[in-house]
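A short worksheet on the structure shown next.
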2 protein chains.
Amino acid sequence: MAGKEGNLPAAMRLGHDHARCIEEAMTLAAELCARRGARLTELRRAVLEFVWQSHAPLGAYAILDMLSAEGRKPMPPTVYRALDFLLQQKLIHRIASLNAYIGCIDPGRPHSGQHLICRLCGTVAEVDEEAISGAIAASARDLQFSVEHQTVEVTGICVNCVPD
Amino acid sequence: MAGKEGNLPAAMRLGHDHARCIEEAMTLAAELCARRGARLTELRRAVLEFVWQSHAPLGAYAILDMLSAEGRKPMPPTVYRALDFLLQQKLIHRIASLNAYIGCIDPGRPHSGQHLICRLCGTVAEVDEEAISGAIAASARDLQFSVEHQTVEVTGICVNCVPD
DNA sequence: AATTAGTACGTTATAATATAACATAATCAC
DNA sequence: GTGATTATGTTATATTATAACGTACTAATT
Ligand SMILES: [Zn+2]
Ligand SMILES: [Zn+2]
Ligand SMILES: [Zn+2]
Ligand SMILES: [Zn+2]
(Lines give C-alpha, C1' and ligand atoms only; values in the text may rest on other atoms or scores of the structure.)
(Ligands and ions follow the chains in the order given, each with its own letter.)
Protein backbone atom coordinates (compact mmCIF):
# COMPACT_ATOMS: atom_id res chain seq x y z
CA MET A 1 0.00 0.00 0.00
CA ALA A 2 1.03 3.63 -0.47
CA GLY A 3 2.87 5.43 2.32
CA LYS A 4 1.33 8.33 4.15
CA GLU A 5 2.70 10.71 1.55
CA GLY A 6 1.06 8.88 -1.30
CA ASN A 7 -1.36 11.46 -2.63
CA LEU A 8 -0.45 14.53 -0.68
CA PRO A 9 0.05 17.89 -2.39
CA ALA A 10 3.70 18.78 -2.88
CA ALA A 11 3.55 21.35 -0.10
CA MET A 12 3.03 18.56 2.41
CA ARG A 13 5.59 16.11 1.03
CA LEU A 14 8.71 16.81 3.01
CA GLY A 15 11.25 15.47 0.57
CA HIS A 16 9.76 16.84 -2.61
CA ASP A 17 11.86 18.50 -5.27
CA HIS A 18 11.04 22.09 -4.48
CA ALA A 19 13.48 23.50 -6.99
CA ARG A 20 11.21 21.92 -9.54
CA CYS A 21 8.13 23.55 -7.94
CA ILE A 22 9.81 26.90 -8.40
CA GLU A 23 11.00 26.23 -11.91
CA GLU A 24 7.66 24.96 -13.11
CA ALA A 25 5.84 27.87 -11.52
CA MET A 26 8.14 30.42 -13.10
CA THR A 27 8.01 28.80 -16.52
CA LEU A 28 4.24 28.55 -16.45
CA ALA A 29 3.93 32.15 -15.27
CA ALA A 30 6.05 33.34 -18.19
CA GLU A 31 3.99 31.34 -20.66
CA LEU A 32 0.67 32.52 -19.30
CA CYS A 33 1.70 36.15 -19.24
CA ALA A 34 3.05 35.94 -22.77
CA ARG A 35 -0.16 34.31 -23.98
CA ARG A 36 -2.22 37.03 -22.26
CA GLY A 37 -0.08 39.97 -23.33
CA ALA A 38 0.64 40.73 -19.69
CA ARG A 39 4.08 41.99 -18.84
CA LEU A 40 5.94 39.85 -16.33
CA THR A 41 8.59 42.45 -15.63
CA GLU A 42 11.80 41.73 -13.76
CA LEU A 43 10.34 43.12 -10.54
CA ARG A 44 7.18 41.04 -10.82
CA ARG A 45 9.23 37.99 -11.67
CA ALA A 46 11.42 38.56 -8.64
CA VAL A 47 8.41 38.94 -6.35
CA LEU A 48 6.82 35.79 -7.73
CA GLU A 49 10.04 33.88 -7.23
CA PHE A 50 10.31 35.05 -3.63
CA VAL A 51 6.73 33.98 -3.01
CA TRP A 52 7.62 30.56 -4.37
CA GLN A 53 10.73 30.18 -2.18
CA SER A 54 8.66 28.01 0.12
CA HIS A 55 5.18 26.66 0.61
CA ALA A 56 4.61 29.04 3.49
CA PRO A 57 2.95 32.30 2.52
CA LEU A 58 5.01 35.48 2.54
CA GLY A 59 3.96 38.90 3.81
CA ALA A 60 4.38 42.01 1.69
CA TYR A 61 7.00 43.45 4.02
CA ALA A 62 8.97 40.24 4.04
CA ILE A 63 9.10 40.50 0.27
CA LEU A 64 10.15 44.12 0.65
CA ASP A 65 13.03 43.04 2.88
CA MET A 66 14.11 40.33 0.44
CA LEU A 67 14.16 42.81 -2.43
CA SER A 68 16.16 45.20 -0.27
CA ALA A 69 18.68 42.49 0.53
CA GLU A 70 19.05 41.99 -3.23
CA GLY A 71 20.08 45.58 -3.79
CA ARG A 72 16.81 47.05 -4.94
CA LYS A 73 15.31 49.34 -2.35
CA PRO A 74 11.66 49.45 -3.24
CA MET A 75 8.98 51.18 -1.20
CA PRO A 76 5.76 49.46 -0.12
CA PRO A 77 3.64 50.62 -3.09
CA THR A 78 6.07 48.98 -5.47
CA VAL A 79 5.68 45.64 -3.77
CA TYR A 80 1.92 45.95 -3.43
CA ARG A 81 1.62 46.80 -7.11
CA ALA A 82 3.61 43.75 -8.07
CA LEU A 83 1.42 41.63 -5.80
CA ASP A 84 -1.70 43.17 -7.32
CA PHE A 85 -0.48 42.23 -10.78
CA LEU A 86 0.25 38.67 -9.71
CA LEU A 87 -3.15 38.44 -8.04
CA GLN A 88 -4.89 39.73 -11.17
CA GLN A 89 -3.06 37.18 -13.26
CA LYS A 90 -4.02 34.60 -10.64
CA LEU A 91 -0.41 33.55 -10.25
CA ILE A 92 -0.69 33.98 -6.49
CA HIS A 93 -3.39 33.87 -3.87
CA ARG A 94 -3.80 36.09 -0.83
CA ILE A 95 -4.28 34.24 2.45
CA ALA A 96 -6.66 36.60 4.23
CA SER A 97 -6.25 35.06 7.65
CA LEU A 98 -2.49 35.60 7.51
CA ASN A 99 -2.22 38.81 5.45
CA ALA A 100 0.20 36.94 3.26
CA TYR A 101 0.66 35.68 -0.26
CA ILE A 102 1.33 32.29 -1.76
CA GLY A 103 1.90 30.89 -5.22
CA CYS A 104 -1.03 29.31 -7.03
CA ILE A 105 -0.45 25.68 -7.87
CA ASP A 106 -2.51 25.74 -11.05
CA PRO A 107 -2.70 29.24 -12.48
CA GLY A 108 -3.49 28.03 -15.98
CA ARG A 109 -6.88 26.69 -15.07
CA PRO A 110 -9.71 28.73 -13.56
CA HIS A 111 -10.50 27.32 -10.14
CA SER A 112 -11.63 28.23 -6.66
CA GLY A 113 -9.04 26.58 -4.48
CA GLN A 114 -9.03 25.84 -0.81
CA HIS A 115 -6.06 26.38 1.47
CA LEU A 116 -4.97 24.15 4.34
CA ILE A 117 -2.78 26.11 6.73
CA CYS A 118 -0.54 24.33 9.21
CA ARG A 119 -0.40 26.37 12.40
CA LEU A 120 2.92 24.77 13.38
CA CYS A 121 5.15 24.72 10.30
CA GLY A 122 3.36 27.46 8.37
CA THR A 123 2.99 25.33 5.28
CA VAL A 124 -0.05 26.05 3.16
CA ALA A 125 -1.35 23.44 0.75
CA GLU A 126 -3.77 24.44 -1.97
CA VAL A 127 -6.34 21.89 -3.01
CA ASP A 128 -9.23 22.16 -5.41
CA GLU A 129 -12.05 19.94 -4.22
CA GLU A 130 -15.16 20.04 -6.31
CA ALA A 131 -17.04 18.62 -3.32
CA ILE A 132 -16.23 21.76 -1.35
CA SER A 133 -16.67 24.40 -4.03
CA GLY A 134 -19.78 22.59 -5.25
CA ALA A 135 -21.32 22.53 -1.78
CA ILE A 136 -20.66 26.24 -1.42
CA ALA A 137 -22.12 26.95 -4.86
CA ALA A 138 -25.21 24.88 -4.06
CA SER A 139 -25.77 26.60 -0.74
CA ALA A 140 -25.39 30.02 -2.36
CA ARG A 141 -27.85 29.04 -5.08
CA ASP A 142 -30.43 28.17 -2.45
CA LEU A 143 -30.06 31.65 -1.04
CA GLN A 144 -30.10 33.21 -4.50
CA PHE A 145 -26.65 34.54 -3.75
CA SER A 146 -24.48 35.17 -6.80
CA VAL A 147 -20.95 34.01 -5.96
CA GLU A 148 -17.97 35.96 -7.22
CA HIS A 149 -15.24 34.54 -5.03
CA GLN A 150 -14.82 31.76 -2.50
CA THR A 151 -12.30 32.02 0.33
CA VAL A 152 -11.73 28.72 2.12
CA GLU A 153 -8.91 28.72 4.67
CA VAL A 154 -8.61 25.72 6.94
CA THR A 155 -6.29 26.04 9.91
CA GLY A 156 -4.91 23.06 11.77
CA ILE A 157 -1.97 20.69 11.95
CA CYS A 158 -0.50 19.08 8.86
CA VAL A 159 0.57 15.46 8.59
CA ASN A 160 4.23 16.31 9.10
CA CYS A 161 3.53 18.11 12.37
CA VAL A 162 1.34 15.56 14.14
CA PRO A 163 2.73 12.54 15.98
CA ASP A 164 2.00 9.42 13.93
CA MET B 1 -45.24 28.79 -3.62
CA ALA B 2 -43.02 30.70 -1.19
CA GLY B 3 -41.69 34.15 -2.13
CA LYS B 4 -38.05 34.71 -2.79
CA GLU B 5 -37.50 35.49 0.88
CA GLY B 6 -38.97 32.19 1.97
CA ASN B 7 -36.03 30.50 3.65
CA LEU B 8 -33.41 33.17 3.67
CA PRO B 9 -31.37 33.98 6.76
CA ALA B 10 -32.61 37.06 8.59
CA ALA B 11 -29.65 39.09 7.34
CA MET B 12 -30.99 38.83 3.82
CA ARG B 13 -34.66 39.45 4.56
CA LEU B 14 -35.11 43.16 4.04
CA GLY B 15 -38.14 43.68 6.24
CA HIS B 16 -37.13 41.48 9.14
CA ASP B 17 -37.56 42.62 12.71
CA HIS B 18 -34.01 43.55 13.42
CA ALA B 19 -34.77 44.93 16.86
CA ARG B 20 -35.63 41.36 17.71
CA CYS B 21 -32.30 40.11 16.25
CA ILE B 22 -30.52 42.47 18.61
CA GLU B 23 -32.65 41.65 21.62
CA GLU B 24 -32.33 37.92 21.15
CA ALA B 25 -28.59 38.15 20.63
CA MET B 26 -28.09 40.23 23.75
CA THR B 27 -30.30 38.03 25.88
CA LEU B 28 -28.60 34.87 24.71
CA ALA B 29 -25.16 36.42 25.25
CA ALA B 30 -26.06 37.29 28.83
CA GLU B 31 -27.36 33.79 29.47
CA LEU B 32 -24.34 32.08 27.95
CA CYS B 33 -21.86 34.23 29.83
CA ALA B 34 -23.69 33.69 33.12
CA ARG B 35 -23.75 29.96 32.53
CA ARG B 36 -20.02 29.97 31.76
CA GLY B 37 -18.97 32.27 34.58
CA ALA B 38 -17.71 34.76 32.00
CA ARG B 39 -18.16 38.44 32.78
CA LEU B 40 -20.15 40.30 30.18
CA THR B 41 -19.17 43.72 31.44
CA GLU B 42 -20.87 46.94 30.40
CA LEU B 43 -18.09 47.66 27.90
CA ARG B 44 -18.28 44.21 26.34
CA ARG B 45 -22.06 44.45 26.25
CA ALA B 46 -21.84 47.81 24.49
CA VAL B 47 -19.38 46.47 21.92
CA LEU B 48 -21.54 43.44 21.24
CA GLU B 49 -24.60 45.65 20.82
CA PHE B 50 -22.77 47.89 18.35
CA VAL B 51 -21.69 44.85 16.39
CA TRP B 52 -25.30 43.77 16.25
CA GLN B 53 -26.56 47.17 15.05
CA SER B 54 -26.69 45.72 11.55
CA HIS B 55 -25.90 42.61 9.59
CA ALA B 56 -22.87 44.29 8.06
CA PRO B 57 -19.63 43.62 9.91
CA LEU B 58 -18.05 46.43 11.87
CA GLY B 59 -14.37 47.34 12.06
CA ALA B 60 -12.60 47.82 15.38
CA TYR B 61 -12.09 51.51 14.75
CA ALA B 62 -15.72 52.03 13.81
CA ILE B 63 -16.61 50.55 17.19
CA LEU B 64 -14.06 52.85 18.77
CA ASP B 65 -15.77 55.84 17.15
CA MET B 66 -19.20 54.69 18.31
CA LEU B 67 -17.98 54.32 21.86
CA SER B 68 -16.42 57.77 21.64
CA ALA B 69 -19.69 59.24 20.43
CA GLU B 70 -21.32 57.70 23.49
CA GLY B 71 -19.06 59.57 25.87
CA ARG B 72 -16.53 56.88 26.61
CA LYS B 73 -13.16 57.60 25.05
CA PRO B 74 -11.51 54.21 24.87
CA MET B 75 -8.19 53.54 23.19
CA PRO B 76 -7.67 50.74 20.64
CA PRO B 77 -6.48 48.09 23.11
CA THR B 78 -9.71 48.46 25.07
CA VAL B 79 -11.79 47.73 22.01
CA TYR B 80 -9.58 44.87 20.85
CA ARG B 81 -9.74 43.31 24.29
CA ALA B 82 -13.50 43.44 24.27
CA LEU B 83 -13.52 41.92 20.78
CA ASP B 84 -11.11 39.19 21.93
CA PHE B 85 -13.44 38.33 24.78
CA LEU B 86 -16.44 38.16 22.46
CA LEU B 87 -14.48 36.01 20.02
CA GLN B 88 -13.40 33.64 22.79
CA GLN B 89 -17.00 33.32 23.92
CA LYS B 90 -17.89 32.79 20.28
CA LEU B 91 -20.45 35.56 20.43
CA ILE B 92 -18.93 37.17 17.35
CA HIS B 93 -16.93 36.09 14.32
CA ARG B 94 -14.07 37.88 12.63
CA ILE B 95 -14.45 38.30 8.88
CA ALA B 96 -10.84 37.97 7.77
CA SER B 97 -11.37 39.30 4.27
CA LEU B 98 -12.85 42.53 5.68
CA ASN B 99 -10.91 42.93 8.93
CA ALA B 100 -14.26 43.31 10.61
CA TYR B 101 -16.49 41.66 13.17
CA ILE B 102 -20.03 40.36 13.10
CA GLY B 103 -22.43 38.78 15.57
CA CYS B 104 -22.74 35.01 15.59
CA ILE B 105 -26.24 33.85 14.83
CA ASP B 106 -26.03 30.74 17.00
CA PRO B 107 -23.46 31.18 19.75
CA GLY B 108 -25.01 28.56 21.97
CA ARG B 109 -24.16 25.70 19.66
CA PRO B 110 -20.67 24.74 18.51
CA HIS B 111 -20.50 25.12 14.76
CA SER B 112 -18.24 26.07 11.91
CA GLY B 113 -20.27 28.61 10.03
CA GLN B 114 -19.87 30.01 6.56
CA HIS B 115 -20.28 33.67 5.67
CA LEU B 116 -21.87 35.07 2.53
CA ILE B 117 -20.69 38.63 1.98
CA CYS B 118 -22.58 40.95 -0.33
CA ARG B 119 -20.12 43.22 -2.08
CA LEU B 120 -22.82 45.84 -2.73
CA CYS B 121 -24.82 46.26 0.48
CA GLY B 122 -22.19 44.88 2.84
CA THR B 123 -24.61 42.44 4.42
CA VAL B 124 -23.09 39.24 5.71
CA ALA B 125 -25.25 36.18 6.24
CA GLU B 126 -23.97 33.32 8.34
CA VAL B 127 -25.07 29.85 7.39
CA ASP B 128 -24.07 26.49 8.75
CA GLU B 129 -24.16 23.93 5.98
CA GLU B 130 -23.10 20.47 6.93
CA ALA B 131 -22.50 19.76 3.24
CA ILE B 132 -19.78 22.42 3.21
CA SER B 133 -18.14 21.76 6.55
CA GLY B 134 -18.40 18.04 5.92
CA ALA B 135 -16.74 18.29 2.51
CA ILE B 136 -13.91 20.29 4.07
CA ALA B 137 -13.53 17.79 6.90
CA ALA B 138 -13.49 14.89 4.43
CA SER B 139 -10.88 16.53 2.23
CA ALA B 140 -8.70 17.29 5.25
CA ARG B 141 -9.03 13.72 6.44
CA ASP B 142 -7.74 12.48 3.09
CA LEU B 143 -4.66 14.63 3.57
CA GLN B 144 -4.29 13.57 7.20
CA PHE B 145 -4.73 17.21 8.13
CA SER B 146 -6.13 17.84 11.59
CA VAL B 147 -8.61 20.70 11.33
CA GLU B 148 -8.86 23.26 14.09
CA HIS B 149 -10.77 26.01 12.36
CA GLN B 150 -12.57 26.54 9.06
CA THR B 151 -12.85 29.98 7.49
CA VAL B 152 -15.35 30.10 4.63
CA GLU B 153 -16.07 33.56 3.23
CA VAL B 154 -18.06 33.78 0.04
CA THR B 155 -18.13 37.15 -1.71
CA GLY B 156 -20.75 38.08 -4.27
CA ILE B 157 -24.13 39.76 -4.68
CA CYS B 158 -27.05 39.00 -2.39
CA VAL B 159 -30.62 38.50 -3.51
CA ASN B 160 -31.59 42.05 -2.56
CA CYS B 161 -28.88 43.56 -4.70
CA VAL B 162 -29.38 41.68 -7.98
CA PRO B 163 -32.03 42.59 -10.53
CA ASP B 164 -34.80 39.97 -10.42
C1' DA C 1 -13.89 44.93 57.09
C1' DA C 2 -9.12 44.32 55.58
C1' DT C 3 -6.09 41.34 52.66
C1' DT C 4 -5.11 39.41 48.67
C1' DA C 5 -5.41 37.38 43.96
C1' DG C 6 -7.26 37.72 39.82
C1' DT C 7 -9.46 40.15 36.16
C1' DA C 8 -10.69 44.15 33.51
C1' DC C 9 -9.69 48.54 31.95
C1' DG C 10 -6.77 52.90 31.08
C1' DT C 11 -2.82 54.83 28.77
C1' DT C 12 1.23 55.47 25.99
C1' DA C 13 3.68 54.04 22.44
C1' DT C 14 4.56 51.47 18.45
C1' DA C 15 4.16 47.59 15.08
C1' DA C 16 2.31 45.69 10.90
C1' DT C 17 -0.33 46.06 6.81
C1' DA C 18 -1.93 48.85 3.06
C1' DT C 19 -3.05 52.87 0.02
C1' DA C 20 -3.40 57.86 -1.92
C1' DA C 21 -1.28 61.05 -4.77
C1' DC C 22 1.91 62.58 -7.76
C1' DA C 23 6.56 62.35 -10.38
C1' DT C 24 9.58 59.91 -13.49
C1' DA C 25 10.89 56.26 -16.56
C1' DA C 26 10.27 52.53 -19.55
C1' DT C 27 7.58 50.38 -23.27
C1' DC C 28 4.40 50.16 -27.00
C1' DA C 29 1.57 51.68 -31.10
C1' DC C 30 1.79 54.29 -34.88
C1' DG D 1 10.69 59.30 -33.47
C1' DT D 2 6.23 61.08 -31.20
C1' DG D 3 2.65 60.46 -28.29
C1' DA D 4 -0.04 57.32 -25.45
C1' DT D 5 0.18 53.84 -22.19
C1' DT D 6 2.02 51.26 -18.64
C1' DA D 7 5.29 50.50 -14.93
C1' DT D 8 7.99 52.12 -11.31
C1' DG D 9 9.85 55.64 -7.91
C1' DT D 10 8.81 58.57 -4.04
C1' DT D 11 6.62 60.90 -0.23
C1' DA D 12 3.26 60.81 2.83
C1' DT D 13 -0.40 58.85 5.31
C1' DA D 14 -4.27 55.60 6.40
C1' DT D 15 -5.81 51.45 8.60
C1' DT D 16 -5.53 47.58 11.59
C1' DA D 17 -3.47 45.59 15.60
C1' DT D 18 -0.46 44.78 19.70
C1' DA D 19 3.28 45.42 23.48
C1' DA D 20 4.07 47.04 27.87
C1' DC D 21 2.88 48.84 32.01
C1' DG D 22 -0.17 51.05 35.44
C1' DT D 23 -4.61 51.53 37.85
C1' DA D 24 -9.14 50.08 39.27
C1' DC D 25 -12.45 46.96 40.01
C1' DT D 26 -14.23 42.19 41.60
C1' DA D 27 -14.39 38.19 44.23
C1' DA D 28 -12.93 35.17 47.41
C1' DT D 29 -10.42 34.55 52.08
C1' DT D 30 -9.42 35.67 56.51
ZN1 LIG E 1 7.58 22.66 -3.42
ZN1 LIG F 1 -4.82 28.42 -7.02
ZN1 LIG G 1 -31.48 41.35 11.83
ZN1 LIG H 1 -21.54 31.57 14.17
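Naming convention: chains lettered A, B, ... in sequence-line order (proteins, then strands); numbering from 1 in each chain.
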Exercise. What is the distance from CG of Leu40(B) to P of dA8(C), rounded to the nearest Å?
Worked result: 11 Å

Exercise. In degrees, rounded to 10°, what is the bend between the two ends of the helix from dA1(C)-dT30(D) to dC30(C)-dG1(D), using five pairs at each?
Worked result: 30°

Exercise. Is there a side-chain contact between Asn160(A) and Thr123(A) (heavy atoms, below 4.5 Å)?
Worked result: no

Problem set entry | Side-chain heavy atoms of Gln114(B) within contact of Ser139(A), under 4.5 Å | no

Seminar exercise, completed: So salt bridge (charged side-chain N to carboxylate O under 4.0 Å, His left out) across residues 37-52 of chain B, not counting sequence neighbours, yields Glu42(B)-Arg72(B), Arg45(B)-Glu49(B)

Exercise. Do any N or O atoms from the side chain of His18(A) and from the backbone of Trp52(A) form a donor-acceptor pair under 3.5 angstrom?
Worked result: yes

For this session: Treat primed atoms plus P, OP1 and OP2 as sugar-phosphate and everything else as base, then score nucleotides 12-22 of chain C 5' to 3': B for base contact with protein heavy atoms under 4.0 Å, S for sugar-phosphate contact only, - for none.
Result: B----BBBBB-

Problem set entry | CZ/Arg20(B): more than 12 non-hydrogen atoms of other groups inside 6.0 Å | no

Polar-atom pairs under 3.5 Å, protein N or O versus N or O of nucleotides 28-30 of chain C: list them with distances, or write none.
none

For this session: Mind calculating the distance between CG (Leu86(B)) and P (dA8(C)) to the nearest angstrom?
Result: 12 Å

For this session: Check the hydrophobic clustering (I, L, V, M, F, W, Y; side-chain heavy atoms under 4.5 Å; chains of links allowed) and say if Met75(B) and Leu67(B) are grouped together.
Result: no

Exercise. Can you find a side chain N or O atom of Thr41(B) that sits less than 4.0 Å from OP1 or OP2 on dC9(C)?
Worked result: yes

Exercise. Any side-chain heavy atom of Ile132(B) within less than 4.5 Å of one from Gln150(B)?
Worked result: no

For this session: With the side chain counted from C-beta on, respond yes when Cys104(B) and Glu126(B) share a heavy-atom pair under 4.5 Å apart, and no when they do not.
Result: yes

Problem set entry | Spacing of Arg72(B) atom CZ relative to dC9(C) atom P, expressed in whole Å | 9 Å

Exercise. Any side-chain heavy atom of Met66(B) within less than 4.5 Å of one from Leu58(B)?
Worked result: yes

For this session: Find out whether Cys158(B) and Leu116(B) are in side-chain contact, i.e. whether some heavy atom of one side chain is under 4.5 Å from a heavy atom of the other.
Result: no

Exercise. Under a single-linkage rule joining Ile, Leu, Val, Met, Phe, Trp and Tyr whose side-chain heavy atoms are separated by less than 4.5 Å, which residues share a cluster with Val124(B)?
Worked result: Ile95(B), Leu98(B), Ile102(B), Ile117(B)

Problem set entry | Bounds of contact between DNA chain D and chain A, in 5' to 3' order, using a heavy-atom cut-off under 4.0 Å | dT6(D) to dT11(D)

Exercise. Should we say atom CD of Glu24(B) is surrounded by more than 12 heavy atoms from elsewhere, each under 6.0 Å from it?
Worked result: yes

Problem set entry | Residue Glu23(A) excluded, over 12 heavy atoms near CD under 6.0 Å | no

